Amino acid sequence: DDWYDQLLDTHGTELAIPARLVYNGDTLPADVGVYFRGHSSFFANDSIKKSVGITLDYIDSLQNIDGSKTLNLNCSFRDTTFMHEAIYENLIQKYIPALSVNYVHLYLNDLDFGLYTNVQQLDKIYLKDWFITNDGSLWRAERTDGATDADPGGANGTGFSTLNYLGMDTSVYKNYYTLKETSISHPWEDIIDVCDPLENMPADVLEDTINKYLDLDRTLWYMAAEILFTDEDSYVHKGGMDYFLYWEPETDRLVPLEYDGN
């Protein structure tokens, strides 16, 4: 009876509420995990309609829908058209790796919560869509202790997650990037290999040098897309708030990845 209060109380934790999921009339064999997600769409949103996350492999590690193990349902807070994120992601897919988006009509305990945008999870399944393999290292650029730096980055930014050179001590970088996936023993050195020349290399040789460690062509297309669409959670805005970095083992270079385009 208190399922909605449970979802409110567990927001921001690692906990999910077990539930039965019915998709297109078919009930999934194993329970899924449900939780409220998001920041602005949760705290600044007075509506009972919150963004919802659904972990399909909550009980059964193999359970999925059309290959996806996670549903990220955004309530389109502050977007009454419900179209901004879908248009943005579908357009930039022509030029850079970007998340797929479709629509879901969501019912929770028979209550009609209406339309949601369903945004692909940025995980190993996503990486396999865009790269030769998914055997590289994946980071999310974010302040890992939850705090923010007023300068640089602004009130909601991390300040130092935009490939800033923070010295040769890899432990310092762990404050500003969360390592999500890796298959190598020393992944953090690949970030420093990019940050060091960006800060310290003379401008006349920077382009040739940095392209050995950073996929420069993909990076410039990524930056153009972020700026053109004024993506507020990005490398450009908020001092590097919510974008991903992928170290591609086949090229030994970092690639920035768009994220949180809602």
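Since the structure is predicted, the reported quantities are computational estimates derived from the model, not experimental observations. Note: hydrogens, waters and symmetry copies are ignored here, and every other heavy atom, side chains too, is used.
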Do [X] and [Y] share a hydrophobic cluster (ILVMFWY, side-chain heavy atoms under 4.5 Å, transitive)?
{"X": "Leu108", "Y": "Leu15", "answer": "no"}
{"X": "Val101", "Y": "Phe82", "answer": "no"}
{"X": "Leu214", "Y": "Phe131", "answer": "no"}
{"X": "Tyr173", "Y": "Tyr213", "answer": "yes"}
{"X": "Ile87", "Y": "Ile96", "answer": "yes"}

Worksheet item: Hey, would you say the Tyr4 and Phe36 ring centroids sit under 6.0 Å apart?
Response: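 Yes; Phe36 has its ring centre under 6.0 Å from that of Tyr4.
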Worksheet item: Does the ring center of Tyr107 lie less than 6.0 Å from the ring center of His105?
Response: yes
Considering non-hydrogen atoms only, spot the tightest contact between [X] and [Y] and give its length.
{"X": "Phe77", "Y": "Ser40", "result": "CE2-O, 3.4 Å"}
{"X": "Gln120", "Y": "Asp129", "result": "NE2-OD2, 3.1 Å"}
{"X": "Glu258", "Y": "Glu226", "result": "CG-OE1, 3.5 Å"}
{"X": "Pro187", "Y": "Thr182", "result": "CB-OG1, 3.5 Å"}
{"X": "Cys75", "Y": "Ser51", "result": "N-OG, 3.1 Å"}
{"X": "Gly67", "Y": "Ile125", "result": "O-CD1, 3.2 Å"}

Item to complete: Report yes or no: do Asn134 and Glu181 form a side-chain donor-acceptor pair below 3.5 Å?
Response: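 Short answer, no.
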Worksheet item: How are the rings of Tyr88 and Phe229 set to each other: parallel, tilted or perpendicular (split at 30° and 60°)?
Response: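 The arrangement is tilted - the two ring planes meet at 30° to 60°.
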Worksheet item: Which word best sums up how the rings of Tyr235 and Tyr243 line up, parallel for under 30°, tilted for 30 to 60°, or perpendicular for over 60°?
Response: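 Ring orientation, 0 to 90° scale: perpendicular.
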Do [X] and [Y] make a side-chain contact, defined as non-hydrogen atoms from C-beta onward lying under 4.5 Å apart?
{"X": "Thr251", "Y": "Asp215", "value": "no"}
{"X": "Val194", "Y": "Trp247", "value": "no"}
{"X": "Pro97", "Y": "Tyr246", "value": "no"}
{"X": "His186", "Y": "Thr170", "value": "no"}
{"X": "Leu127", "Y": "Leu257", "value": "yes"}
{"X": "Leu28", "Y": "Arg20", "value": "no"}
{"X": "Asp252", "Y": "Asp190", "value": "yes"}
{"X": "Arg143", "Y": "Tyr176", "value": "yes"}

Any donor and acceptor pair, going by atom type alone, linking the side chain of [X] with main-chain N or O of [Y] inside 3.5 Å?
{"X": "Tyr177", "Y": "Ser161", "value": "yes"}
{"X": "Glu89", "Y": "Ala98", "value": "no"}
{"X": "Asp79", "Y": "Met83", "value": "yes"}
{"X": "Asn164", "Y": "Leu166", "value": "no"}
{"X": "Asp231", "Y": "Ser234", "value": "no"}
{"X": "Gln63", "Y": "Ala30", "value": "yes"}
{"X": "Ser183", "Y": "Asp135", "value": "yes"}
{"X": "Asn64", "Y": "Leu62", "value": "yes"}
{"X": "His11", "Y": "Gly38", "value": "yes"}
{"X": "Asn118", "Y": "Leu71", "value": "no"}

Fill in: CA sep, side-chain torsions, deciding dist, call: Asn45, Arg78, side chain to side chain contact (heavy atoms under 4.5 Å, CB included)
CA-CA 9 Å; Asn45 179 8; Arg78 292 179 179 155; over 6 Å; no
Fill in: Trp221 atom CH2, neighbour heavy-atom count above 12 within 6.0 Å
no
Discussion item. Check this for me: Glu207, atom CD, are more than 12 non-hydrogen atoms of other residues, nucleotides or ligands nearer than 6.0 Å?
Written reply: no
Practice prompt. Please report the C-alpha distance between Arg37 and Asn74 in whole Å, then the side-chain angles of each, then the deciding distance to 0.1 Å, and finally whether the side-chain hydrogen bond (donor to acceptor under 3.5 Å, both in side chains) criterion is met.
Written response: CA-CA 8 Å; Arg37 58 190 302 273; Asn74 290 339; 2.4 Å; yes
Worksheet entry | Result of checking Leu73, Thr70, Leu99 against Val119 for side chain to side chain contact (heavy atoms under 4.5 Å, CB included) |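 Exactly one candidate clears the test, Leu99.
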Interatomic distance, [X] atom [atom1] to [Y] atom [atom2] [nearest 0.5 angstrom]:
{"X": "Leu245", "Y": "Leu163", "atom1": "CG", "atom2": "CG", "value": "5.5 Å"}
{"X": "Lys180", "Y": "Lys124", "atom1": "NZ", "atom2": "NZ", "value": "14.0 Å"}
{"X": "Tyr103", "Y": "Thr117", "atom1": "OH", "atom2": "OG1", "value": "7.0 Å"}
{"X": "Asp57", "Y": "Asp60", "atom1": "CG", "atom2": "CG", "value": "8.0 Å"}
{"X": "Gln121", "Y": "Leu56", "atom1": "CD", "atom2": "CG", "value": "10.5 Å"}
{"X": "Tyr259", "Y": "Tyr126", "atom1": "OH", "atom2": "OH", "value": "11.5 Å"}

Worksheet entry | Member of Asp2, Asp9, Thr10 meeting the side-chain hydrogen bond (donor to acceptor under 3.5 Å, both in side chains) criterion with Gln6 | Asp2
Discussion item. Evaluate Leu198 against Tyr165 for side chain to side chain contact (heavy atoms under 4.5 Å, CB included), listing each step before the verdict.
Written reply: CA-CA 8 Å; Leu198 278 176; Tyr165 179 64; over 6 Å; no
Practice prompt. Compute both the distance and the angle, then confirm whether Lys50 meets the cation-pi test with Phe42: under 6.0 Å from the six-membered ring centre, within 45 degrees of the axis.
Written response: yes
Discussion item. Could you go through Gln93 and Trp130, starting from their C-alpha distance and side-chain angles, then the distance that decides it, and tell me whether this counts as side chain to side chain contact (heavy atoms under 4.5 Å, CB included)?
Written reply: CA-CA 10 Å; Gln93 277 190 348; Trp130 290 99; 3.9 Å; yes
Discussion item. What verdict does the side chain to side chain contact (heavy atoms under 4.5 Å, CB included) test give for Ser76 and His84, after you've listed the backbone C-alpha separation in whole Å, the side-chain angles of each residue and the deciding distance to 0.1 Å?
Written reply: CA-CA 9 Å; Ser76 292; His84 291 179; over 6 Å; no
